[in-house]
Amino acid sequence: MQIDSTSSPSRATVAGGNADSSKEIAQLQAKLKKVVAELKTVASDDSMKAEEKQQKERLLQAQMQALEQQISAVQQAEQQKRQKQAEAAQQHAVPDQRRATKTPGLGENLDVYG
């Protein structure tokens, strides 16, 4: 039985928001769960030749590692996105703070006699 690769590390970019990355992570975790289950099945299968069994186990372990790396990459991309949003929000808040602490202008210091 031939097992095809189920993942591609280049798919780890996040174009959408948090919901998209959460959905992608959930899909990757579901794939990972299937690969883990298949690895357990192969490990307990006594009908396979030792060499074939070892090769299949290595392939499944490589797939698990690739899926874990994808999950990590999606999580890091989401974290970076949140960090950039926080930085942008902070940069927009700074000019407002400067206006609030600005020293009064010439017209604000004049007394009006009437």
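Only this structure's heavy atoms are used, side chains among them; waters, hydrogens and symmetry mates stay out.
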Please report the C-alpha distance between Lys56 and Glu52 in whole Å, then the side-chain angles of each, then the deciding distance to 0.1 Å, and finally whether the salt bridge (Lys or Arg N to Asp or Glu O under 4.0 Å) criterion is met.
CA-CA 6 Å; Lys56 193 166 187 176; Glu52 181 183 350; over 6 Å; no

Derivation and outcome, side chain to side chain contact (heavy atoms under 4.5 Å, CB included), residues Gln63 and Lys31:
CA-CA 9 Å; Gln63 286 179 337; Lys31 286 181 184 180; over 6 Å; no

Out of curiosity, Leu32 CG to Lys34 NZ, how far, rounded to the nearest 0.5 Å?
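Leu32 CG to Lys34 NZ: 12.0 Å, rounded to 0.5 Å.
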
CD of Gln90 to CD of Gln83: how many Å apart, nearest 0.5 Å?
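Reported value, rounded in 0.5 Å steps: 10.5 Å.
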
Straight-line distance of Gln27 CD to Ser22 OG, nearest 0.5 Å
11.0 Å

Find out whether Gln29 and Lys33 are in side-chain contact, i.e. whether some heavy atom of one side chain is under 4.5 Å from a heavy atom of the other.
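No, their side chains stay 4.5 Å or more apart.
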
Salt bridge check: are Lys53 and Glu57 linked by an N-O gap of less than 4.0 Å?
no

Within the side chain of Ser44, is there an N or O that forms a donor-acceptor pair under 3.5 Å with the backbone of Lys40?
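Indeed, once roles are kept as given, a pair shorter than 3.5 Å links the two residues.
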
What are the two closest heavy atoms between Val42 and Leu60, and how far apart are they?
CG2-CD1, 3.9 Å

So, taking the atom named CD in Gln76 and the one named CD in Gln69, what distance separates them when rounded to the nearest 0.5 Å?
10.5 Å

Do other residues, nucleotides or ligands put more than 12 heavy atoms under 6.0 Å from the CD atom of Gln55?
no

Counting only heavy atoms from other residues, nucleotides and ligands, does the tally under 6.0 Å from CD of Glu51 exceed 12?
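No, not enclosed.
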
